[in-house]
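This report refers to the structure that appears directly beneath it.
On a predicted model such as this, the values are computed, not experimentally measured, just so you know.
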Amino acid sequence: MKKQILGAMCAIILLLAVILSSCSATQPQSASFPSMDTLMTVKVYGGDNDLCDRLQKRIEALDATLDATDENSDIYQLNQNGTVDVSGDTADILARSLQLSKALDHSFDITVYPAVKAWGFPSGDYRVPMDAELKKLAEKIDDTAVTSDNNTYTLPRDVMIDLGAVAKGYAADQCDTILKEGHAAAAVLNLGGTVKLYGKKPDGKRFSVGVADPDNPAGYFGYLSCEDGVVATSGGYERYFERDGKRYIHILDPTTAKPVKNGILSVTILCNDGTAADALSTALFVMGLDKATEYYRAHRDFDFIILTDTHDLYITEGIADDFTLSKGYDYKIQSVEIATAPTSVSEASQ
C-alpha cells in the first residue's frame, strides 16, 4: 500500500480537483495532512468545531493498521506470519474486499501484491520480470485462498495482500459516519485520487469535480457536477516506468501479473460506497471497455467515465447530463445506455 510520497502527492493534482465557488458566506474549517502516502485535504462546512481533527485522526489510524509496509500494521504482520488476529477495521475491509472481488469476477484482487512488488512499484526499484517469473506470480494471485475465522485471517504460503487499492475509499466511508455524527452541513475530502463529497455547497449548488487529462495531468478534460458520494479514478498515468521505449503501468491484470494494456487511459467512478468506488475503478480498468460496459448494465448502482487511447469518452447515462467537456477538447462522447435489469454491486458481493 505504501507508495512514494512524491508520486502520491502529485496524484492529487493528476487525478481530481474539487472546485468550490467562493460565493458562500459560510467559512469552512479545513486541514491538510500527509497520510496513506499522499497529501490529503479535508474541508468541512458547519458542524462541530473539531471535525477536521477527528477526520484526520480516523484516517491516520486506518493508515497505521492497513499499511502493507509498516511493520506494526495488521497487513504487514499478516503477510509476514500467515495468520493474524486482526483489528475490527482490518477484518471489515478485508471482508468487503473479498466480497467485491467475487462480485467483480476477480478483476480486482488484493493478492496481486507479490506481483506488484516484483515490478518494483512499491519501492521504486523498477524491473521487468521474465515471463517464467510472471507465470509463477500469476499462479499465486488468488484471493479465494484467503481464509478467516471471525477476526483471524490466514494466508497460504507465498500469498501476500495489499489494500492500497481500496484503503482511501474505505476511509471515505468511515469519514461519512464522522460527518453525520458531527452534524456537518457539507464537506469535500480529497484523499488523493478518491474524493468524498458530502451534501451540497453552502450556496446550494452542487460540487464540480475535475477529471484529469492523462496526456496533461495538470489539466482537466472535463468536469462532473455531483453531490454526495465518492468519485474515484484509476489511470495508467498515475504510476508507471519506461524501459526500452515501453511504458509499464502499476495496474496489473491478476490473470497474467502483467501491466494492463487494453486501450483504456483512465476510469472514473461515481458511487455512494467509497470502498466499492475504489474497487470498481481498478476492476473496470482491468476488464476493458466491453466487459466494463457489460458489468455496468448488469448492476447499475454506480456510474463511470472511461477515456480510451483514441480519446473517446464513454459516460454512463446516469451522469451524462452532469458532465461538461472542457474547452479545447474534441473528445468524442458516447453515452452508455441501460440495456438490462440491474443487480447491485452490493447484492452481487453477498
Side-chain angles (χ1 to χ4, degrees), residues 3 7-19 38 104 107-108 116 121 164-166 168-169 172 190-195 197 208-226 229-242 247-253 258-271 274 276-293 295-296 302-316 318-320 322-326 328-336:
K3 307 178 180 71
M9 290 173 68
C10 291
I12 294 180
I13 301 174
L14 304 184
L15 292 175
L16 296 166
V18 178
I19 312 302
T38 190
L104 292 162
S107 294
F108 158 76
V116 174
F121 285 108
V166 290
K168 294 169 185 172
N190 190 334
L191 308 184
T194 299
V195 177
L197 305 173
S208 183
V209 180
V211 186
D213 176 2
D215 296 325
N216 177 29
Y220 310 102
F221 66 73
Y223 296 86
L224 180 64
S225 175
C226 49
V230 176
V231 179
T233 296
S234 290
Y237 62 90
E238 302 173 50
R239 283 192 298 150
Y240 65 89
F241 69 92
E242 294 182 348
R247 176 176 291 194
Y248 300 93
I249 67 172
H250 73 289
I251 303 174
L252 306 186
D253 184 338
K258 296 179 180 181
V260 175
K261 191 175 182 180
N262 59 14
I264 288 181
L265 294 182
S266 70
V267 175
T268 297
I269 300 292
L270 173 62
C271 183
D278 270 1
L280 282 162
S281 68
T282 298
L284 268 60
F285 194 105
V286 172
M287 289 180 189
L289 179 62
D290 291 341
K291 289 185 177 179
T293 301
Y295 189 86
Y296 162 72
F302 66 94
D303 285 286
F304 69 64
I305 300 171
I306 294 178
L307 175 64
T308 70
D309 57 9
T310 58
H311 289 163
D312 288 315
L313 268 179
Y314 294 83
I315 306 177
T316 52
I319 57 173
D322 300 321
F323 179 81
T324 302
L325 190 66
S326 297
Y329 289 85
D330 59 355
Y331 294 174
K332 182 180 179 181
I333 299 177
Q334 302 189 45
S335 178
V336 179

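When all heavy atoms of Gly210 and Tyr220 are compared, the pair lying nearest together is C-CD2, 3.9 Å. For the residue pair Ser107 and Met287, the shortest heavy atom distance occurs at OG-CG, 3.5 Å. Contact record, Pro214 with Leu265: CG-CB, 4.0 Å, taken as the closest heavy-atom pair. Closest approach of Ala283 and Leu104 over heavy atoms only: CB-CD1, 3.7 Å.
Legend: residues meeting side chain to side chain contact (heavy atoms under 4.5 Å, CB included) with Ala172, ordered by chain and number and at least two apart, are Leu191, Lys196, Val230. Residues passing the salt bridge (charged side-chain N to carboxylate O under 4.0 Å, His left out) test with Asp253, sequence neighbours excluded: none.
Defined by atom type and a distance below 3.5 Å, a donor-acceptor pair is present between the side-chain atoms of Asp215 and His311.
A donor-acceptor pair is defined here as one N or O able to donate and one able to accept, closer than 3.5 Å; no such pair exists between the side chain of Lys291 and the backbone of Leu284. The closest donor-acceptor contact from the side chain of Ser281 to the backbone of Asp278 lies under 3.5 Å. Between the Asp322 side chain and the Cys226 main chain, no donor and acceptor come within less than 3.5 Å of each other. In this structure, His250 contributes its side chain and Arg239 its backbone to a donor-acceptor pair below 3.5 Å.
Atom CD1 of residue Ile315 and atom CG of residue Leu270 lie 12.0 Å apart, to the nearest 0.5 angstrom. Between the CZ atom in Phe323 and the CD1 atom in Ile333 there is a gap of 5.5 Å [rounded to 0.5 Å]. Separating the OG atom in Ser326 from the OH atom in Tyr223 is a distance of 4.5 Å, to the nearest 0.5 Å. Rounding to the nearest 0.5 angstrom, the gap separating the CZ atom in Phe221 from the CG atom in Leu313 is 5.0 Å. Of the inter-residue distances, the one linking Tyr329 atom OH with Thr324 atom OG1 reads 14.0 Å to the nearest 0.5 angstrom. For the atom pair CZ of Phe302 and OG1 of Thr316, the computed distance is 7.5 Å after rounding to the nearest 0.5 Å.
Proximity of Asp309 to Ile264: side-chain heavy atoms (C-beta onward) are nowhere separated by under 4.5 Å. Contact annotation: the side chain of Ile251 approaches that of Ser234 to within less than 4.5 Å [non-hydrogen atoms, C-beta and beyond]. Ile306 is not listed as a side-chain neighbour of Phe285, based on a closest heavy-atom distance of 4.5 Å or more. Using a 4.5 Å cut-off on side-chain heavy atoms (C-beta onward), Val267 and Thr233 make no contact. For the pair Val231 and Thr268, the minimum side-chain heavy-atom distance is below 4.5 Å. A 4.5 Å side-chain heavy-atom check between Phe108 and Leu280 finds every atom pair outside the cut-off.
When each of Asp213, Thr308, Asp312 is tested with Tyr331 by the rule side chain to side chain contact (heavy atoms under 4.5 Å, CB included), just one qualifies, namely Asp213.
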Check the pair Phe241 / Phe121 against ring pair (Phe, Tyr, Trp, His ring centres under 6.0 Å), numbers first and verdict last. CA-CA 9 Å; Phe241 69 92; Phe121 285 108; 5.7 Å; yes
Could you go through the side chain to side chain contact (heavy atoms under 4.5 Å, CB included) check for Tyr296 and Tyr314 one step at a time? CA-CA 12 Å; Tyr296 162 72; Tyr314 294 83; over 6 Å; no
